[in-house]
**Q** 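I'd like to ask you about the structure that follows.
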Amino acid sequence: MTRYLLSKLGQAIVTIVLVVLVVFTLLRFMPTAGYFTREQYTTMSDAEKTAYLRNMGVLDPMPVQLKNFVVDLFHGDLGRSITLYPNMQIADVLGEKIQYSLLLNFISWFVAAIIGMPLGLAMAKNKSGIVDGFGMVYIVLVRSIPSIIIHFFIQVYLSKLFNLPMLFYMEQPISWILPIVSMSIGSIAGYATWLRRYIVDEENKDYIKFARVKGLPSNFIMWRHVFRNAIVPIAINIPSDFLLMLSGSLIIESLYAIPGTGGLLIKSITAMDNPLVQALVLLYGALSVLGVFLGDIVVSFVDPRIKLVDANN
Amino acid sequence: MKKILALLLALVMLIGVLAGCTNQTQPNDDPDATGDPSTTDSGNQPSGSPDVAYVNAYKSTFSESITSMNPYCTGGTSDYIFIANIVDGLVETDKYGTAVPCLAESWEHNDDYSVWTFHLRPDVYWVDHNGEVTEYKVTADDFVAGIRYIAEPTHNASSFSTISGVIAGLQEYYENLVNIDDGQDVGMTRDEVLASFDETVGVKALDEYTVEYTLTGPCPYFLSYAQLDLTLPVEQAFLDQVGEDYGLAMDKMLYNGGYYISTWDLDKQFVLTKNEHYWDVDNITLDTLQWEFISDSISTLEMFQRGNVTDVSLGSEEIASIRGGEWENYIYLSEKTVTTYWYSFNFATKNPEMAAAVQNENFRKAIFTAIDAVTLSAIWEPNDPEFFCRYTLLPENCMFDEDGVDYTDYGRLKEYKENNPFNAETAKGYMEAAVAELCEADGVTLKGVTPGTVDMLPMTEFEADGKLPIDIVYSSSNSDTEMKKATLVKNMLETYLGTEYVNVILCYSNNNFTAEVLDLGNWDLYDNSYGFRYADPSANLNRCTSDFDITDSSYQIPEFDAMIAAADATYDLSERYAAYAEAELYLLDHAYIKPYMTGGGSYKMTRLVPYTVPGGYFGLGRYKMKGALIQETPVTTEQHAQLKEQYDAERAALANQ
Amino acid sequence: METIKTTKAQDLPQDLFTRADFHEELLEDTGFSNYSYWRSTFRTFFKSTVVKVILVIMLALIAYTVIYPMITDLDPYEVALSPVEWNLPPSSEHLFGTDGVGRDIWARVWFGTRTSFLLAIAVAFFQVGLGVIIGAIWGFYRKLDTLMFAIYNTLTNVPSTIYLVLIAYVMKPSIITIIIALVATGWISEARWFRSRILALREADYNIASVCLKTPPSRIISRNVVPYLVSLIIMDVALTIPSSIGSEVFLSFIGVGLPADLCTLGNLVNQGRSAFLVYPYQMIFPTMILCIITVSFYIIGNKFADASDPRNHV
């Protein structure tokens, strides 16, 4: 087990290093003129432009920049943002923003789980019935219409209908409702679809048919066999879902003016804020790898077919 | 839901009552507060009720990240309102835009305006983010420290070039540092250059409360500079303490303005709170100024209607939506700003057809005459597009000579100012004349043009065949309104000049206009807006010379350069204006640049009683909220008109004194 | 699955039985009767009324987007130089009204639908194509796993916005650019999906059974593997189309990658969004068409997936 985990960890580290290297190199291909706004470019003198670029550290040769990045990283320093939050410590920026994304995403994950799972279960039990039909319509709509459109209409119409605030305020929990609704409708559909599908698949398996033939009560079969097995593929993703909450939700955060981490990655890329992009890629890469890793562990507890015992015993 | 609404309402009323109290006591406390009594009184009459309720908080929004309150490194004009209210400089403006004492109680200059001495107000202390007085006093050294701060290349002071050429020795000092950082040998070490600051740069603390600026030459309008962010003071001891973090958090800076930052939630909200230790605290009428982050899907109009913001600019769509309703009574047209939009040509273009054509004056005139500014302006203001058109490079109503004559009324500039140059027939006439001059005998082949592929990647790539129609690459950013403007201009040129003569190729930058268009010269025609930072024609005309070339046109106009050099050396105000007006006319007559619209002006609604706050066009003074009165109910259109009339009359009377 | 009958065989008289001869030519009959994979798939597929209705709507829509540009004389890019023709509400002259510079929204919607369709189909074609080829190789050579998973992990963790921004700095913004960008970011996930499908197929009971029964590999591939693979591809294409349209809307939302003046549904929806509160129709009409397309493709894709699954065949 330890060896298995260690080799997984090794792979994960290699992946992260690769990703950061690729991103680092790609970022250096961006033209230096992109660091200036239109006004800066036309009004700055050449001396000012050089000074400006050098202060951001983008004039150093690439190996030097890489070295600086790695050395700072080992000192626990993510560096300072250069264009998006000029001169601010990246750790401070993230620290301030992550709390919002984490809070809202956690609540909506919870909401999604307590609505989505029972929905999936009900749909599977009532296969081809009315509940299933309505559930299907919901799932199809949510999964096929581009999410921007859905979120936009939720913000505009639900806020009018229920007289809810159109923007997010930390101190006004009532204003959390719409962002949470927006964030969870997608995951509700996700949980419902997958749980329904896995339950249906599981129910068609021979051992379930056998259990039925044996005359076991259907509730017992459902909880003891079907559900425990059907939940496995969902459980494997829970740690990833959880960790990636830190990356926020771009569209929803921008619609409701939530100061979270949502648009940070894309904004930092378009603003060519190299240190910030690198820090974010590193962070998200580490989180997604960690998520997969934890997923494996969670599964070993949930999956009835896996028992964690030493091969020697 | 209703409960919350009721609660909110009650809260608003409570604030209103509180505000009413403070404002009622205000005139008694400070009977000779400038302008206050007159505006409050006249403000009351048109609204018809003697007891107008006032609130004591200004509320506004922001939609772009505000990341630094470092007064020297502002992200753009949107940050000025914060800076102006938290840090005071030497001079500010009164409500008529006249420079009045701020931290400098008085000032004088030598005979040729090249040395300016400011006498500071004694015993003003910096406060911290809790509003507590610190040990640091505002002294002459702080102003020297400010210049030293911006002169350090690693600090990336915004718009440094605005002032670097004005203060003696500043430019050389800065360039020496840049060169040293570049690894060049300038005969001194970096530390030696830094140590030389006091001798080489023209700013000195004569004593604790006297600061003297020595300039590179005569500068009668130096008071404009004294209102800029670049001449603000900073406490060196505190700066040394916070280092690189200066201005990055509310506890990483000091305040000497009317307000200090009391809440700073990144990308969410900012609250400025009244500084009780302010030297002019009696004129600080509002207790808090707050800004809230909003997204693009939110209409500020709706927030205004609910009372969540103090004022709102109305987009053309929004105006349409409130026409005919009760809110229509509150709309007023804001003043035009001094910013002007210009079209310009690329004389160094990679497109051979355009490279030949742009040298032809008739061609340039044809293009510029065919662009209809009124229609472009209608993208923003469909109801009164003419109001926002401007056909001179420099703004009107902000530079007057000793006799009160506006700069834009000098000589033939007045004709330009008053007439829309757009005329489809004249344009066609110019075009035909240009074609006759540009083409070979066959009437379609352009003289001296080698056909070939024009590589303007990533913007566009096309075959130039060296024949009519002339290909013109119009580059624009990809914002919604910029794209509308581009489409309209293409259509105007092709409709009014004829597709047989011109073919406009539209292209839009994808991510970064600077990198994709400007840096690579990927354009033939584009427009940009140009601010105007101090009250002298040199502010923008000196930036149009062949050397400075703010439009990036790469033109060579020695005649114009000579005119500017001569004008810049003329110090008699009316002669100076006359000389600059001649130079501007040269650019306009020969169609090098086409001004067409003012920036920023729009339809608005507000609760802020107009003309209670400092006015003017330059520097930070006009962003101060000093003396602001905010009504609970919006200012009606009549009230606004009446106040404006009164203000204009007062201002005219002042000018005639 | 056959059910095992447990009759007592030894109780039956022997003369009831005659020994059957081995006939090579009859070998087929027991195995396949008259079952045809494709016939069954289509029969199951068309049994649903929903499918029929949606197919009709979809075909009509596609036909109209193909025909419309040929029969109309309205130019979706033509602006009006007079502001009175801007922001007009829907009327008989402009069925969907006009936008902020007087362009006809009806024309823009149909030209936009065509562009978005072309884009989505092209992306689906290249993405699925690459995915199938690479996924097949990956699935059949297990040794590639380490390498391919390293590539997969790296590529999926590099934000695609970086490619988009970089592409924007070197290439002319055009529909080709955006296809390249979308395919460049999507192929690896597609390949991984096909790899797992192919693995599952290879290890499927009925294929293992066929191998045990000495069915020649060519026969397994042509009868068992290819038809199922083809139906997977069809389904995948049908589902990639709505997701590509969704990506296009998203790109237009973040303002990166997509040529901004191109008439596409994504651009139309996002341009309409800014004026939504005052001129809702400028957003509603493009949104409606877009939703019809994505919803129908999504349903068709899923229904086809169900129909093509041999377990659902009768």
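Letters A, B, ... mirror the listed sequences (proteins, then strands); counts begin at 1.
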**Q** Find the distance between OG (A:Ser45) and CZ (B:Phe160) and round it off to the nearest 0.5 Å.
**A** 8.0 Å
**Q** Heavy atoms only, distances under 4.5 angstrom: which of B:Tyr530, B:Phe513, B:Phe548 has the most pairs with chain A? Name it, please.
**A** B:Phe513
**Q** Measure from the side-chain N and O atoms of A:Thr43 to the backbone N and O of B:Ser159, and report whether any donor-acceptor pair falls under 3.5 Å.
**A** no
**Q** Please rank A:Met88, A:Met272, A:Met170 by heavy-atom pairs under 4.5 Å with chain B and give me the top one.
**A** A:Met88
**Q** Decide yes or no for A:Tyr169 and B:Glu292: does some side-chain heavy atom of the first lie under 4.5 Å from some side-chain heavy atom of the second?
**A** yes
**Q** Please state whether the side chain, the backbone, both or neither of B:Glu302 comes within less than 4.5 Å of a heavy atom of chain A.
**A** side chain
**Q** Once rounded to the nearest 0.5 Å, what's the spacing between atom OG of B:Ser509 and atom CZ of A:Arg38?
**A** 7.5 Å
**Q** Are A:Tyr85 and B:Asp267 packed together at the side-chain level, in the sense that at least one heavy-atom pair is separated by less than 4.5 angstrom?
**A** yes
**Q** Just by distance, do the side chain of B:Lys268 and the backbone of A:Phe168 share a donor-acceptor pair under 3.5 Å?
**A** yes
**Q** Under a 4.5 Å heavy-atom cut-off, does chain B meet the side chain of A:Thr50, its backbone, both or neither?
**A** side chain
**Q** Can you tell me which portion of A:Leu84 sits under 4.5 Å from chain B's heavy atoms? Options are side chain, backbone, both or neither.
**A** backbone
**Q** Of all heavy-atom pairs between B:Ile294 and A:Leu167, which one has the smallest distance, and what is that distance?
**A** CG2-CD1, 3.5 Å
**Q** Is any side-chain heavy atom of B:Thr514 less than 4.5 Å from a side-chain heavy atom of A:Thr37?
**A** no
**Q** Is a side-chain N or O of B:Asp519 found less than 3.5 angstrom from the main chain of A:Ala33, in a donor-acceptor match?
**A** no
**Q** Any non-hydrogen side-chain atom of B:Asp182 less than 4.5 Å from a side-chain atom of A:Arg54?
**A** yes
**Q** Does the side chain of B:Tyr174 pick up a donor-acceptor pair with the side chain of A:Glu48 at under 3.5 Å?
**A** no
**Q** Counting heavy-atom pairs closer than 4.5 Å to chain A, which one of B:Thr551, B:Asn528, B:Asn70 comes out on top?
**A** B:Asn528
**Q** Using modelled atom types only, decide if a donor and an acceptor are shared between the side chain of A:Asn87 and the backbone of B:Glu244 within a distance under 3.5 Å.
**A** yes
**Q** Please rank B:Asn156, B:Thr162, B:Leu520 by heavy-atom pairs under 4.5 Å with chain A and give me the top one.
**A** B:Asn156
**Q** Can you say whether B:Asp181 sits under 4.5 Å from chain A via the side chain, the backbone, both, or neither, judging by heavy atoms?
**A** both
**Q** Which residue out of A:Gly260, A:Pro259, A:Pro31 racks up the most heavy-atom pairs below 4.5 Å with chain B?
**A** A:Pro259
**Q** Heavy atoms, side chains only, cut-off 4.5 Å: are A:Arg80 and B:Leu248 in contact?
**A** yes
**Q** Assess, by modelled atom type and distance only, whether the side chains of A:Tyr41 and B:Asn512 contain a donor and an acceptor separated by less than 3.5 Å.
**A** no
